[in-house]
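Note that this is a predicted model, so its numbers are computed, not measured. We count ligands from 1, going down the list as the structure has it; atoms in each ligand are counted the same way.
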Amino acid sequence: MDQDQKYNLLLAIKETVVSCQKCGLYKTRILPVVGQGNHNAQIMFIGEAPGANEDKTGVPFCGRAGEILNLLLTSVGIKREDVYIANILKDRPPANRKPATEEITACTAYLLRQIAIIEPKIIATLGNYATHFILEKFGVPDSQLGISRLRGKKFPVQDPTTQNPYIIIPLYHPAVAVYNSRSLDELKSDFKIIGEQLKSAGDNL
Ligand code: URA
């Protein structure tokens with residue numbers, strides 16, 4: 001797919017999300033957080049849902065968890081502008097409560113379309129919600145194990161619709177490292193796996 005096609009398809013998703021009323025979250029959010037980054041990214045990061053800062057700006061991972069994500073990217077020499085970042089939910093759940101099943105069901109068709117358009121080599125899922133959704137969607141057995149059992153593992157899958165191959169790598173959610181230095185160390189070590197996988201994806205271009 002060429003640049004213009006990608007741009008137009010992603011723009012069409014954005015326009016649909018802005019007026020989406022498939023679940024009730026549009027009533028309480030300020031701005032939807034559709035996704036941000038490079039349309040040709042080799043890696044997509046998928047988080048849970050916008051928080052207060054993201055809700056105000058429309059930019060994913062722009063608060064405390066975003067600072068940790070930026071630090072982790074820098075630690076392995078990945079530039080934020082080279083990746084694409086999105087969430088399971090486009091709208092902030094009130095008071096940052098966890099996503100409800102019906103909200104995930106309503107919202108994730110947008111995310112799956114974004115993945116199919118961007119065609120990343122690697123999908124890095126951040127935390128339990130993103131990991132469980134993506135692993136299950138791509139038919140990985142044991143998809144519902146806790147993130148501490150899945151983190152840092154590589155799951156090669158093929159999209160049944162587009163036939164695109166992806167390597168899914170689950171990670172802890174960066175928010176766990178805001179007050180926990182051990183989790184930060186574990187995240188740093190898992191990001192090295194991301195860095196290596198990205199390098200080998202680049203070598204195979
Ligand atoms: N946490 C998430 O999961 N996503 C964001 O965009 C911000 C915080």
> If you measure from CG on Leu198 to CD1 on Ile43, what distance do you get to the nearest 0.5 Å?
Replying inline: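 Atom-to-atom, Leu198:CG and Ile43:CD1 are 5.5 Å apart.
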> Do Asn87 side-chain atoms and Lys90 backbone N/O form a donor-acceptor pair below 3.5 Å?
Replying inline: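 Such a contact is absent between Asn87 side chain and Lys90 backbone.
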>> Asp91: which residues meet the side-chain hydrogen bond (donor to acceptor under 3.5 Å, both in side chains) condition with it, sequence neighbours left out?
In response: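 Asp91 satisfies side-chain hydrogen bond (donor to acceptor under 3.5 Å, both in side chains) with Arg29 once adjacent residues are dropped.
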> Exactly which residues line ligand 1, taking a heavy atom under 4.0 Å from it as the test?
Replying inline: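 Near ligand 1, by chain and number: Gly47, Glu48, Ala49, Glu54, Pro60, Phe61, Asn87, His173.
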> Listed by chain and number, what are the ring pair (Phe, Tyr, Trp, His ring centres under 6.0 Å) partners of Tyr172, not counting sequence neighbours?
Replying inline: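 Result, ring pair (Phe, Tyr, Trp, His ring centres under 6.0 Å) vs Tyr172: none returned.
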>> Strictly below 4.0 Å, N to O, side chains only: are Lys192 and Glu196 in salt-bridge contact?
In response: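 No.
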Considering only distance and modelled atom types, tabulate donor-acceptor pairs under 3.5 Å from the side chains of residues 101-108, sequence neighbours left out.
unit_1	atom_1	unit_2	atom_2	d
Glu103	OE1	Arg97	NH1	3.1
Glu103	OE1	Ala100	N	2.9
Glu103	OE2	Arg97	NH1	3.4
Glu103	OE2	Arg97	NH2	2.6
Thr105	OG1	Thr101	O	2.9
Thr108	OG1	Ile104	O	2.6

